[in-house]
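Read through the structure below, which is laid out as structure tokens, and then see the notes.
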Amino acid sequence: MKLGKDFFEQKTLKAAKGLLGKTLCVKKGNKILRGMIVETEAYCGEDDLACHASKGRTKRTETLYKKAGTVYAYLIYGMHYCLNIVTEKENYPSAILIRSVIKVNGKVSPCHERISGPGRVCRHFGIDKTFNGLDVFGKNIWIEDNGLKISPREIIKSKRIGVDYAKHCKDYLWRFNFVLK
DNA sequence: CAAGAGATCATCT
DNA sequence: GATGATCTCTTGA
């Protein structure tokens, strides 16, 4: 079953952990690509210096202020796209970055191919700036709950990647991943 | 293996 | 005009 808007209205940290084990689905032509989410990062509000919205509301960050479940896709380093999903209430800029997935064939059996890194995830799913502003409840992109529960003990917390400039915020343990058994 | 540089561009100053 | 929520390739130990 698809995750609904209420899931993304949770606190960003909670939703970021909750996304672990869920399945990202993207329709590409007549095929549906699926990947189980195994790594996420939370970006939370204007006070989080690592969050793009810390610089305020601009044309670029506008998407972060939209309703829960909106896709925030943007180009970074001139060559890679990053996929995020907006969380919490409208006008509060927060999102979850999808960092890694494990390819899933057909139903739920993982076939062990891991796609690590936001850029690779987007390349695999064919995500580019045209996805920016869509929501994850449509028929182009959505997220499924296949019933897999990840217990809090299994979740590894660590510092976010590539945010050294974010002063004290760089040390927040807002990156979450787990090891598939 | 670890470390460094290059690629490449939308966005903000 | 600078820079980044990255990746890949090259270098050298």
Side-chain angles (χ1 to χ4, degrees), chain A residues 3 7-8 10-22 24 26 28 33 35-103 112-136 141 143 155-178:
Chain A
L3 293 185
F7 179 91
F8 299 99
Q10 298 181 97
K11 287 285 182 191
T12 307
L13 295 182
K14 200 172 173 192
K17 287 179 258 190
L19 269 188
L20 298 176
K22 301 293 188 290
L24 173 65
V26 176
K28 209 178 180 188
L33 298 172
M36 187 170 72
I37 298 166
V38 294
E39 186 179 352
T40 59
E41 275 180 15
Y43 289 88
C44 213
E46 293 177 352
D47 294 334
D48 174 9
L49 297 178
C51 181
H52 286 170
S54 64
K55 295 187 173 112
R57 196 164 180 154
T58 66
K59 196 175 169 189
R60 181 205 206 185
T61 60
E62 184 65 25
T63 312
L64 284 168
Y65 292 79
K66 292 193 184 298
K67 72 170 193 287
T70 302
V71 173
Y72 176 42
Y74 66 93
L75 181 66
I76 190 167
Y77 300 121
M79 47 173 45
H80 296 288
Y81 287 98
C82 289
L83 170 64
N84 303 248
I85 300 168
V86 175
T87 54
E88 302 196 37
K89 56 184 183 290
E90 199 163 350
N91 292 315
Y92 181 77
S94 57
I96 300 166
L97 170 67
I98 311 289
R99 291 192 54 85
S100 311
V101 303
I102 289 178
K103 237 200 239 180
H112 276 299
E113 187 179 347
R114 186 182 164 118
I115 300 169
S116 305
R120 284 188 186 162
V121 169
C122 287
R123 194 177 58 185
H124 176 75
F125 285 99
I127 290 175
D128 57 28
K129 63 183 178 185
T130 65
F131 281 72
N132 190 46
L134 299 180
D135 64 48
V136 291
I141 177 168
I143 293 175
I155 298 178
I156 301 160
K157 298 175 190 173
S158 48
K159 294 180 185 180
R160 291 175 293 180
I161 301 292
V163 294
D164 288 347
Y165 62 89
K167 302 189 177 171
H168 60 283
C169 298
K170 75 183 169 69
D171 293 327
Y172 291 173
L173 299 178
W174 286 1
R175 175 177 169 225
F176 308 104
N177 66 291
F178 75 100

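Letters go in sequence order (proteins before strands), and every chain restarts at 1.
B/dA10 atom P lies 15 Å from atom NE2 of A/His52, rounded to whole Å. Following rounding to the nearest Å, A/Ile76 (CD1) and B/dA7 (C1') show an atom-to-atom distance of 14 Å. Rounded to whole angstrom, the span from the OH atom of A/Tyr165 across to the P atom of B/dT13 amounts to 13 Å. What separates CZ of A/Phe176 from C1' of C/dA5 is a distance of 15 Å, to the nearest Å. Atom C1' of nucleotide B/dT11 and atom CG of A/Leu64 are separated by 14 Å, given to the nearest angstrom. In this entry the distance linking CZ of A/Arg99 with C1' of C/dT6 reads 9 Å, nearest Å. Atom CE of A/Met79 and atom P of C/dT3 are 18 Å apart (whole Å).
Minimum atom distance to the side chain of A/Tyr77 is reached by C/dG4, of the listed B/dC12, C/dG4, C/dT8. For A/Thr58, counting side-chain heavy atoms from C-beta on, the closest listed nucleotide (B/dT11, C/dT6, C/dG4) is B/dT11. Considering only the side chain of A/Pro118, C/dC7 comes nearest among C/dC7, B/dA10, C/dT8. Which of B/dC9, C/dA5, C/dT6 sits closest to the side chain of A/Leu75 comes down to B/dC9.
Residue contacts shown for A/Leu97 include a base, since a base heavy atom lies under 4.0 Å away. At a threshold of 4.0 angstrom between heavy atoms, the contacts of A/Arg60 are confined to the sugar-phosphate backbone, with no base atom among them.
At least one donor-acceptor pair closer than 3.5 Å links the side chain of A/Lys22 to the backbone N or O of A/Gly18. In this structure a side-chain-to-backbone donor-acceptor pair under 3.5 Å is present from A/Asn84 to A/Tyr72.
For the pair A/His80 and A/Lys129, nearest-nucleotide mapping onto DNA chain B gives the more 5' position to A/His80.
The base of C/dA5 sits within donor-acceptor range of the side chain of A/Tyr74, with an N or O pair under 3.5 Å.
Taking only side-chain nitrogens and oxygens, A/Arg123 never comes nearer than 4.0 Å to OP1 or OP2 of C/dT6. Neither OP1 nor OP2 of C/dA5 sits under 4.0 Å from any side-chain N or O of A/Arg175.
Nucleotide C/dA2: paired with B/dT11 (Watson-Crick or G-U wobble, both distances less than 3.5 Å).
Taking the side chain as every heavy atom from C-beta outward, A/Asn91 and A/Arg57 approach each other to under 4.5 Å.
Salt bridge absent: A/Arg123 and A/Asp128 never bring a charged side-chain N and a carboxylate O closer than 4.0 Å.
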Inset, instruction - Show your reasoning for whether salt bridge (Lys or Arg N to Asp or Glu O under 4.0 Å) applies to A/Glu41 and A/Lys159. - result: CA-CA 9 Å; A/Glu41 275 180 15; A/Lys159 294 180 185 180; over 6 Å; no

